[in-house]
Amino acid sequence: MEPLEVEIKSLIKVWITVMACLTYCYSISRNIPKGILRLISVLPIIPIFTILPLYLSWVQFAGTIGFFIAWLANFKLILFSFNHGPLSAPSISFQHFVSIACFPINFKQNPSHKAKSEQHPSTQIDNPSSQNPQSSSTYLTYALKGLILVLLVKSYNYKQYLHPNFVILLYCIHIYFQLELMLIVIAELVQFFLGLELEPQFNQPFLSTSLQDFWGKRWNLMVTGILRPTIYQPVQSLCMRFGKRCAKLIALLATFVVSGLMHELIIYYLGREWPTWEISYFFVLHGVSLAVEIELKRCFRGKFQLPQLVSGPLTAGFVLVTGSWLFFPQFLRCGADVRTIREYAIIWESIMGLVKYVK
């Protein structure tokens, strides 16, 4: 693992490259019309964004940049080529273009007062003074999750005394809390500098009552919003010759396959090891299970429905069991847990050293 100073220098070089590429892409929107010609102009950026995370060795940086740039930004640029997606908003400014391209965020321009009042408290960040009283409890919840995340990291020092399956469960909670808190911090920074109202990234996934509810409405909504126009809708259109129902199911499976492959890429950034494809199997399994669930709902519509007290635990159990079996062990296989603890320790020591120097 590279020293922190070396990794920071590499991170700066990566972001300078990203900014240069996005400046080029923004200029394209002013000079090249949408369509194949714009796509051809954007295509050289995609391999650059895919390679950039390989210049980083720290888990925190390589994984984050891989998710932000190699996955989301590339997909957004493909949509942008055809004047679709969040980068194609009318009269979008350069700073908004870069912010949306770089980070897993989307914003609403000129949202109505009614829309603001109906949104989840965590999305009302365009005007802190207008937030409702629930905002305080929301931030308290985030602080509690941050504390739990710290305790989880500390608990890994004693994992030799814990059951392996329990360690995987801890890592599952760790990844969710870290991802959610990271996205919240980014949203707050974007709100502070640009004053934008952002769409939520998570919608209480632990309250999901079905796989359709979990993947479509609650878990990592930015990824859902990107995969729908880039994979699901084009595949559905191409497969309409097989019938509408069949086209939807094929598009659904294709979306989960692509999601699995992109997760394999992120794991490769973390460990630099050739994938063993368990994560792809996880997403294929969930794609097939979701397709079966949708068909069962269609068959039993109005005749039979599980109560939420039953469907909720079943959904959570299925996600946790399959994740513990196929998904999360891959993070342990590449040593991401050990390296993450080491990185946290180095960052903490650096912060403490800086505090002592300032005093």
Those residues that, when tested against R272, pass salt bridge (charged side-chain N to carboxylate O under 4.0 Å, His left out) (two or more places apart): none

Would you say the side chains of S93 and H96 form a donor-acceptor pair under 3.5 Å? yes

Please identify each residue that fulfils side-chain contact (heavy atoms from CB on, under 4.5 Å) with V257, with sequence neighbours left out. L261, V284

Flag side-chain contact, heavy atom, 4.5 Å: F82 against R38: no

Ring centroid separation Y269 to F67 under 6.0 Å: no

Please lay out, stage by stage, how F256 and L290 fare under the test side-chain contact (heavy atoms from CB on, under 4.5 Å). CA-CA 10 Å; F256 273 86; L290 179 53; 3.7 Å; yes

Below 3.5 Å, can you tabulate the donor-acceptor pairs from side chains in residues 224-243 to any protein atom, sequence neighbours excluded?
residue	atom	partner	partner atom	Å
T224	OG1	W215	O	3.1
T230	OG1	I226	O	2.6
S237	OG	Q233	O	3.0

Evaluate the criterion salt bridge (Lys or Arg N to Asp or Glu O under 4.0 Å) for residue pair E273 and R333; output intermediate values, then yes/no. CA-CA 10 Å; E273 297 179 1; R333 179 178 63 86; 3.0 Å; yes

Given F328, which of I279, L320, I175 fulfils the side-chain contact (heavy atoms from CB on, under 4.5 Å) condition? I175

Going by salt bridge (charged side-chain N to carboxylate O under 4.0 Å, His left out), name the residues that satisfy it together with K145, two or more places apart in sequence or in a different chain. E180

Residues Q60 and Q178: side-chain donor-acceptor under 3.5 angstrom: yes

Quick one: side chains of residues 206-213, donor-acceptor pairs under 3.5 Å with protein atoms, not counting sequence neighbours, listed by atom name and distance.
residue	atom	partner	partner atom	Å
S208	OG	P205	O	2.6
S210	OG	D213	N	3.0
S210	OG	K297	NZ	3.4
Q212	OE1	K297	NZ	3.0
D213	OD1	R218	NE	3.4
D213	OD2	T209	N	3.1
D213	OD2	R218	NE	2.9

Kindly determine whether H286 and F318 satisfy ring-ring contact (aromatic ring centres under 6.0 Å, His included), including the steps that lead there. CA-CA 9 Å; H286 274 255; F318 183 76; 4.9 Å; yes

What pairs with R298 under salt bridge (charged side-chain N to carboxylate O under 4.0 Å, His left out), at least two apart in sequence or on another chain? E295

